[in-house]
Amino acid sequence: MGHPLCGGLDNVMPVTMFKRQNKCLCVVLIEQRRTPFAPRSFNPHAIIAKCVPFTILTGQRRATQIADQPANKRCLSPTRTAEAKITFNQPAAFDAPWRINQVDRGLNLFSHHSIVWHMQNAPQMTDRTALKRNRSRADRDGGLFLHHAAAEEVKDRLTLVNRAFTKVAIVTPFPEAWRGVAPQADIIEDSEVLDLKAAHYDLVLHAMCLHWANDPVGQIIQCRCALKNDGLFMCVSFGGQTLHELRSALAEAEADVSGGLSPRVAPMGEIRDLGALLQRGGLSLPVADALPLKVTYETPWHLMRDLRSMGEANALAGRLRRATSRSVMLAAVETYVQSFMEDGRIPATFELIFLTGWAPDDSQPQPLRPGSATTRLAAALGTQETPLKD
């Protein structure tokens, strides 16, 4: 399975998709304060400050050390230096949140060529060549049973939406498994830069391929830009509990036999982290839920054969470039059987994460202003309110 990576754009250091968003913003702001430029410039490449990886890591480490010290022993000189630079470059600092919002919202300040350049030069977690090779070897007749199960679940969920969708796009590497969801839909290949028309669709479905994306946030943002106002985005992908049995058995066996670990089944996003990507992508009314599926096999070898027939074999860029030794595989199979066998069968967990969000529109429900409530919660629940002690 793939290891998602959240990338930025030109001159912005990529950060992992599971890093807390407040740290991401702090990094951009710190570098912005250190790199003065004309805040009113219309050059898109001058809008984002240049981030140097070594400077970012050094600044974060220094800030952490200062924060961990007692208040009476903290060295405030770096803080005062930063305040002086902020004062010197106040217009740029005031405009920084606006520029960050532009990056998160639609990437509309950047040309198509600059996005392609970033995709090609950013660190890659997925080897796209190996991924295409694995998919070309997939058994499209009997190996896509998980795709068919996910497609049926998506069809049931769409029937609950009181909306008729006329312009539909489905992002998938296996059109034959998803064509039944919307027969007239445009099938889009899950490349790093999606071939989607801007503001053209009222439903975009990202089908079982987000876990292979090097830039999952970028995928969601591109889908968001392809939606009309109040259009629906739905994504189904593998979650963090997928193949946890196989991952554990392989890690234990390889550590015992060879004394180290190599990328085999990379961790995928937990439901909370994947749900946060919807807001990061500029979607409103986000919802994330999980559907765990347990499949049983006669032996672990049958599971590995099924993964190959699904096109889900190892395509990580950091994988071993040689065949795994026989001793490691035998030890992994033995560990799998001893640790997880149930009623003479081998279980394998596949967690499907469903993400749903809407393109913002004025007709959607809006949150009330904090403090504007007119009824007490205790009165609504019919209970007596007990004040807390000071």
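The first residue of the sequence shown is numbered 1, and numbering continues consecutively from there. What you are looking at is a predicted structure, and each value in this text was computed from that prediction instead of being measured. Just so it is clear, the values below take in all heavy atoms, side chains as well, and ignore hydrogens, waters and symmetry mates.
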Is there a path from [X] to [Y] through hydrophobic residues (I, L, V, M, F, W, Y) whose side chains come within less than 4.5 Å of each other?
X      : Y      : answer
Val328 : Val337 : no
Leu158 : Ile187 : yes
Val236 : Met234 : yes
Leu293 : Leu307 : yes
Met310 : Phe174 : no

Worked check of salt bridge (charged side-chain N to carboxylate O under 4.0 Å, His left out) between Arg280 and Asp273 = CA-CA 11 Å; Arg280 175 99 174 149; Asp273 301 306; over 6 Å; no
For [X] versus [Y], what's the shortest heavy-atom pair and its separation?
X      : Y      : result
Ala251 : Leu261 : O-CD2, 3.3 Å
Val257 : Ala331 : CG2-CB, 4.0 Å
Phe340 : Pro347 : O-CD, 3.0 Å
Ser284 : Pro360 : OG-CA, 3.8 Å
Cys223 : His206 : SG-CD2, 3.9 Å
Glu189 : Leu194 : O-CD2, 3.6 Å

Does [X] pair with [Y] as a salt bridge, N-O distance under 4.0 Å?
X      : Y      : value
Arg376 : Glu385 : yes
Arg305 : Asp139 : no
Asp230 : Arg163 : yes
Glu254 : Arg264 : yes

For the [atom1] atom of [X] and the [atom2] atom of [Y], what is their distance to the nearest 0.5 Å?
X      : Y      : atom1 : atom2 : value
Trp301 : Leu303 : CH2   : CG    : 11.0 Å
Leu210 : Leu277 : CG    : CG    : 7.5 Å
Ile271 : Phe354 : CD1   : CZ    : 10.5 Å
Asp195 : Asp190 : CG    : CG    : 12.5 Å
Ile170 : Asp186 : CD1   : CG    : 9.0 Å
Cys235 : Leu274 : SG    : CG    : 8.0 Å

Partner of Asp127 under salt bridge (Lys or Arg N to Asp or Glu O under 4.0 Å), picked from Arg321, Lys132, Arg133, is Arg321
Just by distance, do the side chain of [X] and the backbone of [Y] share a donor-acceptor pair under 3.5 Å?
X      : Y      : answer
Asp343 : Arg345 : no
Gln364 : Ala359 : yes
Gln219 : Ser191 : yes
Thr126 : Trp212 : yes
Gln222 : Gly218 : yes
Arg308 : Arg137 : no

Would you say [X] and [Y] make side-chain contact, with heavy atoms under 4.5 Å?
X      : Y      : value
Lys167 : Lys197 : no
Thr356 : Pro286 : no
Arg135 : Cys209 : yes
Leu232 : Leu205 : no
Gln241 : Glu270 : yes
Val333 : Met329 : no
Tyr201 : Lys228 : no
Glu245 : Thr349 : yes

**Verdict with supporting geometry, Tyr297 and Asp306, side-chain contact (heavy atoms from CB on, under 4.5 Å)** = CA-CA 10 Å; Tyr297 294 91; Asp306 247 12; 2.8 Å; yes
One pair to check against side chain to side chain donor-acceptor pair (under 3.5 Å): Thr166 and Asp202. What are the steps and the verdict? CA-CA 7 Å; Thr166 57; Asp202 48 20; 3.2 Å; yes
Taking the six-membered ring of Phe233, is the NZ or CZ of Arg224 close enough (under 6.0 Å from the centre) and on axis enough (within 45°)? no
- Using the side-chain contact (heavy atoms from CB on, under 4.5 Å) rule, take Arg157 and Asp289 through it: C-alpha gap first, then chi angles, then the decisive distance, then the call. CA-CA 12 Å; Arg157 291 167 182 256; Asp289 63 288; 2.7 Å; yes
Which of His211, His147, His244 passes ring pair (Phe, Tyr, Trp, His ring centres under 6.0 Å) with Phe238? It is His211
Check whether more than 12 heavy atoms from other residues, nucleotides or ligands sit under 6.0 Å from atom [atom1] of [X], and answer yes or no.
X      : atom1 : answer
Gln366 : CD    : yes
Arg247 : CZ    : yes
Asp156 : CG    : yes

Practice task
Go through the steps to decide whether Met208 and Trp178 satisfy the test side-chain contact (heavy atoms from CB on, under 4.5 Å), and finish with yes or no.
Solution key: CA-CA 10 Å; Met208 298 285 283; Trp178 291 91; 3.5 Å; yes
Anything under 30° is parallel, anything over 60° is perpendicular, the rest tilted; go ahead and classify Phe145 against Phe350. perpendicular
query = Checking side-chain contact (heavy atoms from CB on, under 4.5 Å) for the pair Leu131/Arg128: CA distance, chi angles, key distance, verdict?
reply = CA-CA 5 Å; Leu131 180 61; Arg128 300 294 301 184; 3.6 Å; yes
